[in-house]
Student: 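First, the structure itself, so that you have it in front of you.
Nothing here was measured: the structure is a model prediction, and the numbers come from that model. The sequence lines fix the lettering, A, B, ..., with proteins before strands; numbering per chain opens at 1.
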There are 2 protein chains.
Amino acid sequence: MTQPTSRPESRTEAPRGRHLSAPPTPPTLATVADEAGVSRQTVSNALNNPELLRPETLVRVQSVIERLGYSPNRAARQLRTRSSHLIGLRFEPAQEGTSNALMDRFLHSLTEAASRTGHHVLLFSGDSKDPLDGYDDLLRSTAVDAFVVTDTYAGTPQAGFLRERGAPFVAFGRPWDEPGADHAWTDVDGAHGARLATEHLLEQGHRRIAWLGWEKTSRIGEDRRSGWQGGMQAAGQDTRGLGVRITDNVDAARLAAHELLEDPSVTGFACASDTLAIGVLHACAERGLRPGRDIGVVGFDDSLAAQVTWPGLSSVRQPLEEVAVELVRILHLVLAHKPIGDKGRMLRPSLVVRPSSLRS
Amino acid sequence: MTQPTSRPESRTEAPRGRHLSAPPTPPTLATVADEAGVSRQTVSNALNNPELLRPETLVRVQSVIERLGYSPNRAARQLRTRSSHLIGLRFEPAQEGTSNALMDRFLHSLTEAASRTGHHVLLFSGDSKDPLDGYDDLLRSTAVDAFVVTDTYAGTPQAGFLRERGAPFVAFGRPWDEPGADHAWTDVDGAHGARLATEHLLEQGHRRIAWLGWEKTSRIGEDRRSGWQGGMQAAGQDTRGLGVRITDNVDAARLAAHELLEDPSVTGFACASDTLAIGVLHACAERGLRPGRDIGVVGFDDSLAAQVTWPGLSSVRQPLEEVAVELVRILHLVLAHKPIGDKGRMLRPSLVVRPSSLRS
DNA sequence: GTCTAGGATTGGAACGATCAAGAGCCCTGG
DNA sequence: CCAGGGCTCTTGATCGTTCCAATCCTAGAC
C-alpha cells in the first residue's frame with residue numbers, strides 16, 4: 001500500500017486532533033496529499049487534469065478524496081484562478097399582477113442549466129431607480145464571472161455599461177435600441193408567437209381578428225403586434241380598427257373588448273398577455289358569448305391564470321427552458337473567449353391550445 | 001499632503017502600467033495602501049474597524065478608496081475569514097400549475113432582505129429524487145455561510161442533515177415531524193388564514209361553509225383545514241360532511257363543489273388554494289349561481305389567478321416579505337452564535353377581499 | 001529625564017488553492 | 001556512455017485579504 005514517507009509534520013494534524021463543539025475543519029488539499037502520500041499539486045491535478053497522473057496514482061488519490069469527502073475550497077480556488085463560477089442575475093421586483101411566474105420558470109431553468117457546467121446563480125437586488133445599481137459592486141469585488149441581463153428593452157443601459165466595463169455577460173432579450181451592440185443574446189420571437197395565435201384563429205374560421213396589446217412604448221408589445229399584423233395580411237385580412245393598445249389590466253381589456261364586439265363581425269382576439277385575454281373572456285361572459293364556439297381568444301405567456309381560467313385559455317408559451325440552456329451555452333463561449341457563431345439567437349414560442357379558441 | 005515615503009517597489013505597479021485589451025486589474029489593498037501612504041493593514045482597518053484609525057488617516061484612506069473605486073476582493077476575504085456572505089437556497093422545480101408565483105415573491109424579498117446585511121442569495125438545484133443533493137457540495141467547498149430551507153413538511157430530511165453537519169440554517173416552515181428540532185424557523189399560520197376566510201364568510205351571512213382542501217398527507221393542508229374547523233366550531237356550526245380532501249386541481253374542485261352544492265344550504269367555500277377556489281367558481285357558473293351574491297368563495301395564496309379571475313377571487317395572502325425579513329434576521333443571529341429568543345416564529349396571513357365573497 | 005501606558009500603525013504569516021518551474025526516472029538513439 | 005525527451009511528480013511562489021504580534025510615537029507620571 002502507500003507508505004507514508006515521513007515528511008515535515010503537516011499543519012493538518014492539529015485540527016484533526018481536537019474535538020470541539022465547532023464543526024470540524026474540512027479536509028484540504030494538504031490533508032488529502034498527506035493521506036495519499038503525494039504532493040498537493042498531484043492532488044490538484046487529480047481533480048483538474050487527471051490525464052497527467054499515472055492511473056494507479058489517480059485511483060489512489062481519488063479514493064482518498066472520496067474517503068475524506070474532500071471538495072476544493074471555493075474561495076481559495078477563486079482567488080487563484082480569478083473565476084468564481086458564479087453568474088450574477090439582478091432579480092427585479094416584478095410588479096404584482098403581471099405574470100411574473102415567467103421569471104420563476106426561467107430562473108429555475110437557468111439554475112439547472114448553470115449547474116450542469118459547475119456554475120451557480122447569484123441573485124442580487126438593486127435600487128429600482130438605478131438599473132445599474134449592484135452590478136458595479138459585484139464586478140469590483142470580482143464576485144461573479146459574468147452576468148445574465150434580463151431586460152434589454154426600452155433602452156436599458158445595462159448592456160452598454162457592462163460592455164464598457166469589460167464584464168462578460170449575455171442577455172435574455174435582443175438589443176432593441178442599440179445598433180452597435182455586439183454582445184451575445186437570446187430572445188423569444190414574440191412576433192412569431194402572435195402570428196401562431198393569429199393563424200390558429202384563422203384556421204378556426206375567424207376572419208376579423210382583433211389585437212389587444214400594450215402601449216406603443218413597449219418594444220416587446222409592438223413586436224408581438226407585428227406578428228398579428230403579418231398573419232392577418234398574409235391571409236388577406238384588413239386590420240384597420242382592430243388593433244388596440246391599452247395597459248396590461250383586466251378591466252381595460254374588458255372594456256376594449258366590449259367596444260370591439262359591438263361589431264359582430266369581430267370574432268377573434270389575439271392578446272399580448274394572459275391578463276388582457278382574461279379581460280376579453282369577461283366581456284364575452286357579460287355578453288353571453290361563449291369563448292371557443294362564438295369567440296376565439298388566445299393569450300400570451302401560458303401563466304397559471306391561463307391554465308385555471310374557464311374554459312381554459314389558449315396561450316402562447318415561451319420556451320424559457322431552452323432560453324436558459326442557450327444562454328448558459330453562449331455564456332460558456334464568452335467566458336472561454338471563443339467566438340460565437342451568431343451573436344443573437346431567436347427561439348420560437350409554441351401555442352398551447354385550450355377550449356377558448358376551439359370551435360368544436 | 002501625503003508624502004509617499006519610498007518603499008520597496010510594490011507589485012501593483014506592473015499591472016497599472018500596461019494597456020491590454022483585457023480588463024484592467026482592479027485595485028487591491030496594496031494599491032490603495034501605496035497611494036495613501038499607509039500599510040495594507042491600515043487600509044483593511046479603515047474598512048473593517050474604522051474606529052482604530054486616527055480621523056485624519058481615515059479620511060485620507062477613504063478618499064483614496066473612493067478615488068480608485070476599490071472594493072475588497074471577495075475571494076480573498078472569504079478565504080481568510082471563512083465567510084462568504086452567501087446564503088444558499090435550493091430552488092425546487094415547483095410543479096407547473098401550482099401557484100408557485102409565491103416563490104417569486106418570496107425569493108425577491110429574500111434577496112432584498114439579505115442584501116441589507118451585505119449578503120447574497122446563491123441558488124442551486126439538485127436531483128429531484130434526492131432532497132439532500134447539492135447541500136453537501138456547497139458545505140464541503142465552504143461556498144455558503146448558511147442555508148435557507150423552504151420545505152420542511154412531510155418529514156423532509158434537510159433539517160436533520162444540516163444540523164448533523166453543523167451547518168447554519170434557518171427554515172421557512174415549522175418542523176412538523178421533528179420533535180427534537182431546535183433550529184430557527186419562521187412560518188405562516190395557515191390555520192389562522194383559513195380561520196380568517198371562514199370568519200369572513202360567516203360575517204357575510206353564510207352558515208354552512210364547506211372546506212376544499214388537499215389530501216390528508218399534506219401537513220400544510222391539514223393545518224389550514226383546522227383553521228376552518230376552528231372557525232366553524234366557534235360559531236357553533238356543524239362541519240360534518242362539509243370538509244372535502246382532493247388533489248390540487250381545478251376540475252377535481254369543480255366536481256366536488258357540484259356535489260356539495262346539491263345541498264342548497266351550502267353557500268360558502270373556503271379553499272386551501274386558489275386553484276381549488278377557481279374550480280368552485282366554475283361549478284357556480286355551470287349552475288347559474290353568482291359568486292358573491294349567492295355563494296361566497298375564498299381561495300388561498302392570492303395568486304395572479306385570484307386577481308384576474310372573474311369576478312375577483314378573495315384570497316388569503318401570505319406575508320412573504322415579512323417572512324423573508326424575519327428569516328434574514330434570525331439567520332444573522334445564528335451566524336453570530338447569538339441566542340435566539342424564540343426558535344420559531346409564526347406570522348399571520350391576511351385576507352384580501354374581492355367580489356367572490358361579498359354579498360353586496 | 002526616564003519610564004510607562006496605550007493609541008496608531010506596521011510587517012510577516014496564514015487561509016487553500018493553482019501556476020510555473022524543476023527534479024527524478026526510464027527509455028531511446030547517436 | 002551520455003544527451004535528450006517524455007512522463008510523473010514535487011517544490012516554491014503567488015492570488016488579496018485578515019490575524020497576530022511587534023513597533024513606533026506621544027503624553028503623562030514620577
Student: Which atom names give the shortest non-hydrogen contact between B:Ser84 and B:Ala143, and what distance separates them?
Tutor: OG-O, 3.0 Å
Student: Between P on C:dG7 and CG on B:Asn49, what's the gap in Å once rounded to a whole number?
Tutor: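 Whole-Å distance recorded here is 14 Å.
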Student: In Å, rounded to the nearest 0.5 Å, how long is the span from CD1 of A:Ile340 to CG of A:Leu331?
Tutor: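 Going from the CD1 atom of A:Ile340 to the CG atom of A:Leu331 covers 9.0 Å.
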Student: Calculate the interatomic distance between B:Leu29 atom CG and C:dG12 atom P; express it in whole Å.
Tutor: 16 Å
Student: Should the pair A:His119 and A:His85 be assigned to parallel (<30°), tilted (30 to 60°) or perpendicular (>60°) ring geometry?
Tutor: parallel
Student: Does the base of C:dC19 carry an N or O that pairs as donor and acceptor with the side chain of A:Gln41 under 3.5 Å?
Tutor: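 Between C:dC19 and A:Gln41, which were checked side chain against base, a qualifying N/O pair under 3.5 Å is present.
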Student: So B:Phe169 and B:His183, would you call those rings parallel, tilted or perpendicular, with 30° and 60° as cut-offs?
Tutor: tilted
Student: Quick one: do A:Val144 and A:Ile87 satisfy side chain to side chain contact (heavy atoms under 4.5 Å, CB included)? Show the steps, please.
Tutor: CA-CA 6 Å; A:Val144 300; A:Ile87 299 171; over 6 Å; no
Student: Can you tell me how far the CE atom of B:Met103 sits from the CG atom of B:Leu110, to the nearest 0.5 Å?
Tutor: 8.5 Å
Student: If I take atom CD in residue A:Glu56 and atom C1' in nucleotide D:dC9, what distance separates them, rounded to the nearest angstrom?
Tutor: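 Whole-Å distance recorded here is 13 Å.
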Student: Over its full length, what angle do the end axes of the helix from C:dG1-D:dC30 to C:dG30-D:dC1 make, each axis taken from five pairs and the result rounded to 10 degrees?
Tutor: 70°
Student: How far does CG of A:Asp342 sit from CH2 of A:Trp185, to the nearest 0.5 angstrom?
Tutor: 9.0 Å
Student: Between C:dG11, C:dT9, C:dT18, which nucleotide gets closest to the side-chain atoms of B:Leu53?
Tutor: C:dT9
Student: Could you tell me whether the phosphate oxygens of C:dT18, OP1 or OP2, come under 4.0 Å of any side-chain nitrogen or oxygen in A:Asn48?
Tutor: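 Checking C:dT18 against A:Asn48, a side-chain N or O does come within under 4.0 Å of OP1 or OP2.
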Student: Return the value, rounded to whole Å, for the distance between atom CG of B:Leu52 and atom C1' of C:dT10.
Tutor: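 Roughly 13 Å, once rounded to whole Å.
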Student: Within residues 135-144 of chain A, find the residues that approach DNA chain D with a heavy atom at under 4.0 Å, and present them sorted by residue number.
Tutor: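 Hits under 4.0 Å, by residue number: none.
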Student: Tell me whether the side-chain N/O atoms of A:Thr28 come closer than 4.0 Å to OP1 or OP2 in C:dG16.
Tutor: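 For A:Thr28, the contact criterion (side-chain N or O under 4.0 Å from OP1 or OP2 of C:dG16) is not met.
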Student: How long is the line joining CZ of B:Arg40 and P of C:dA13, in whole Å?
Tutor: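 Rounding to the nearest Å, CZ of B:Arg40 and P of C:dA13 are 11 Å apart.
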Student: Rounded to whole Å, please give me the gap between CZ in A:Arg74 and C1' in C:dC15.
Tutor: 17 Å
Student: Please state whether the phosphate of D:dT17, meaning OP1 or OP2, lies under 4.0 angstrom from any side-chain nitrogen or oxygen of B:Thr81.
Tutor: no
Student: Hey, what's the ring geometry for B:Phe124 with B:Tyr135, parallel, tilted or perpendicular (30° and 60° as the breaks)?
Tutor: perpendicular
Student: For C:dT9, does OP1 or OP2 lie under 4.0 Å from any side-chain N or O of B:Ser39?
Tutor: no
Student: Is B:Arg54 close enough to C:dT9 that one of its side-chain N or O atoms is under 4.0 Å from OP1 or OP2 there?
Tutor: yes
Student: Between B:Pro55 and A:Ser44, which residue's closest nucleotide on DNA chain C lies nearer the 5′ terminus?
Tutor: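 Result of the comparison: B:Pro55.
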Student: Under 4.0 Å from OP1 or OP2 of D:dT18: is there any side-chain N or O of B:Arg82 that close?
Tutor: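 Answer no for this pair, as no side-chain N or O of B:Arg82 is under 4.0 Å from OP1 or OP2.
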Student: Of all the nucleotides listed (C:dT18, D:dC9, D:dT17), which has the minimum atom distance to the side chain of A:Thr57?
Tutor: D:dC9
Student: Please give, in whole Å, the distance from C:dG16 C1' to B:Gln78 CD?
Tutor: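 Taking atom C1' of C:dG16 as the reference, CD of B:Gln78 is at 11 Å.
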Student: Would you be so kind as to tabulate the donor-acceptor pairs closer than 3.5 Å made by side chains of residues 62-69 of chain B, with sequence neighbours excluded?
Tutor:
from: B:Ser63; atom 1: OG; to: B:Arg60; atom 2: O; distance (Å): 2.9

Student: Specify the separation, in whole Å, of atom CG of A:Asn45 and atom P of C:dA21.
Tutor: 16 Å
Student: So which nucleotide from C:dA17, C:dA13, D:dG16 ends up closest to the side chain of A:Tyr70?
Tutor: C:dA17
Student: For the side chain of B:Leu79, counting heavy atoms from C-beta on, which of D:dT14, C:dG16, C:dT10 is nearest?
Tutor: C:dG16
Student: Does a distance-only test, which skips hydrogens and angles, find a donor-acceptor pair under 3.5 Å between the side chain of B:Arg80 and the base of D:dT18?
Tutor: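 Pair found.
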Student: Could you tell me whether the side chain of A:Phe161 reaches within less than 4.5 Å of the side chain of A:Val149, counting heavy atoms only?
Tutor: no
Student: Looking at C:dT10, I'd like to know if its phosphate oxygens (OP1 or OP2) sit under 4.0 Å from a side-chain N or O belonging to B:Thr42.
Tutor: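 For C:dT10, OP1 or OP2 has a side-chain N or O of B:Thr42 closer than 4.0 Å.
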Student: Using the rule given for side chain to side chain contact (heavy atoms under 4.5 Å, CB included), can you reason through B:Arg74 versus A:Leu86, listing the C-alpha separation, both sets of side-chain angles and the distance that settles it, and then say yes or no?
Tutor: CA-CA 12 Å; B:Arg74 286 184 121 88; A:Leu86 292 182; over 6 Å; no
Student: Between A:Ala76 and B:Arg77, which residue's closest nucleotide on DNA chain D lies nearer the 5′ terminus?
Tutor: A:Ala76
